[in-house]
Amino acid sequence: MKHDLQLNQAGELRHFLTIEGLRRPHLEQILDIAESFAALPGRQVKKVPLLRGRIITNLFFENSTRTRTTFELAAKLLSADVINFNVGVSATSKGETLLDTLRNLEAMHSDMFVVRHSHSGAAHFIARHVNPGVSVINAGDGWHAHPTQAVLDMFTIRKHKGDFTPLRVAIVGDIQHSRVARSQIMALNTLGVTEVRVIAPCTLLPAEARSLGVHVYHDLETGLEEVDVVIMLRLQRERMDGALLPSAHEYFQLYGLTEKRLQRARPDAIVMHPGPINRGVEIASEVADGSRSVILQQVSYGIAVRMAVMSLTLGARAGEQRG
Ligand code: CP
């Protein structure tokens, strides 16, 4: 069994840092466990005691609405105690390094760090430096990876489509700066879909796009032909150097998803978006709020998927400590 930073010697998840290197059974295990948690929020008693007594620290150095909140909710539903580290009012502004911040939070007996950072590799860095009993979850690092987003997207697709094998999935927009797209492409290929397409202007595609195992399209309407799933991405302007686009208006004219363009996809195609959405830039409101949109379901499913990832990684740690 391959031993790497995120797997223990038994091949179980001890950290969750990237989709890269995971095999289909790893992803299916998370999806299956998430399925068992998905009904909880609708029940009268929503909590399970799986992580009672554990301390989970949300360590977000970059803004977030969906990821931070659903990680907090997921931890609470598992009965863990949650610390939301507030970077804005922390001693980081006084020159404390990431490692020193980490050491101090470890001294408060945290069992898990959920990390978002604008630098690619930040979560791996933290995972290499934490004490043996501590797990690290990557909640998005730079352009690199956003693995729990990818898994909740796979969960949403499986809920609507069942089998991954026959599916054609199009990912549309700013692939170049998207950690979500990179993680989705790996997850979709690992789960064995028929085809992953990326649809984008040349300036928003990574040079190595084809080596990611995708078919590249520059024309939106051609790329949408007969797809089962359409995943829209926003323009990640905070990660762009210089002007890669003429204007938001012109971008919408070429790459904005409208009802008319969506007619190119299969009649039962679903529309997804990791959020935040920019209405009138990459997606029209009629589509975002339309009957084929599952965008808010993605957010809800994020709770169950994050519960699954947290319980699995801390379970693997418990197994290691027992062994
Ligand atoms: N999808 C996502 O990562 O959204 P947030 O930035 O709001 O967490």
Side-chain angles (χ1 to χ4, degrees), residues 16-19 30-31 34 56-77 82-88 112-123 126 136-157 159 169 171-188 198 204 229-240 257 270-279 281-283 287-289 293-310:
F16 193 44
L17 305 172
T18 174
I19 302 294
I30 302 172
L31 296 176
I56 294 177
T57 302
N58 272 332
L59 201 50
F60 278 57
F61 293 89
E62 195 190 81
N63 292 345
S64 166
T65 296
R66 285 146 286 270
T67 312
R68 198 199 60 73
T69 314
T70 53
F71 263 115
E72 179 177 353
L73 189 51
K76 286 177 172 169
L77 291 176
V82 186
I83 298 168
N84 285 309
F85 176 75
N86 188 339
V87 176
M112 171 178 281
F113 293 105
V114 178
V115 181
R116 170 167 290 192
H117 204 289
S118 58
H119 290 170
S120 299
I126 290 176
V136 177
I137 310 288
N138 184 0
D141 63 326
W143 301 12
H144 172 237
H146 195 348
T148 59
Q149 178 69 47
V151 179
L152 76 88
D153 294 334
M154 299 308 112
F155 188 82
T156 307
I157 292 172
K159 276 286 195 192
V169 180
I171 306 174
V172 185
D174 183 2
I175 312 293
Q176 167 77 5
H177 305 97
S178 177
R179 56 194 176 208
V180 173
R182 283 174 177 76
S183 295
Q184 287 168 334
I185 291 166
M186 284 178 201
L188 287 163
V198 294
L204 296 181
V229 178
V230 185
I231 303 176
M232 301 304 296
L233 300 174
R234 77 182 169 91
L235 299 173
Q236 289 132 108
R237 292 186 187 278
E238 71 277 18
R239 297 182 203 139
M240 290 183 192
L257 187 64
I270 56 171
V271 176
M272 301 173 60
H273 194 311
I277 63 171
N278 289 154
R279 294 169 185 266
V281 181
E282 75 274 6
I283 190 164
V287 179
D289 304 328
S293 168
V294 298
I295 295 170
L296 292 179
Q297 289 177 39
Q298 289 173 258
V299 178
S300 300
Y301 292 146
I303 303 165
V305 166
R306 287 171 174 135
M307 288 173 79
V309 169
M310 286 194 285

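Note that this is a predicted model, so its numbers are computed, not measured. Note that these values count all heavy atoms, side chains included, but never hydrogens, waters or copies made by symmetry. In listed order, ligands and their atoms are each counted from 1. Positions are given from 1 along the sequence.
- Given atom 1 (N) of ligand 1, the protein heavy atom at minimum distance is P274 O, 2.8 Å.
- A heavy-atom separation below 4.0 Å is found between G275 and ligand 1.
- With atom 3 (O) of ligand 1 as the reference point, the heavy atom nearest to it among R66, Q298, R116 is part of R116.
- In this structure, the protein non-hydrogen atom closest to atom 7 (O) of ligand 1 is T65 N, 2.7 Å.
- No side-chain heavy atom of T18 sits less than 4.5 Å from a side-chain heavy atom of N138.
- The aromatic rings of H177 and W143 sit perpendicular, their planes meeting at an angle over 60°, well past the 30° parallel limit.
- When only non-hydrogen protein atoms are considered, atom 2 (C) of ligand 1 lies nearest to T67 OG1, 3.5 Å.
- A cation-pi contact links R306 to F71, judged by a cut-off of 6.0 Å to the six-membered ring centre and 45° from its axis.
- Tested against H146, the residues R182, Q184, R116 include a single side chain to side chain donor-acceptor pair (under 3.5 Å) partner, R116.
- Remark: distances from the non-hydrogen atoms of E62 to ligand 1 are all 4.0 Å or more.
- Of all atoms in ligand 1, listed by their number and element, those nearer than 4.0 Å to a heavy atom of Q149 are 1 (N), 2 (C).
- Using a 30° and 60° split on the angle between ring planes, H117 and F61 fall in the tilted class, from 30° to 60°.
- Scanning both residues, I19 and V151, for their nearest heavy atoms gives CD1-CG2, 3.9 Å.
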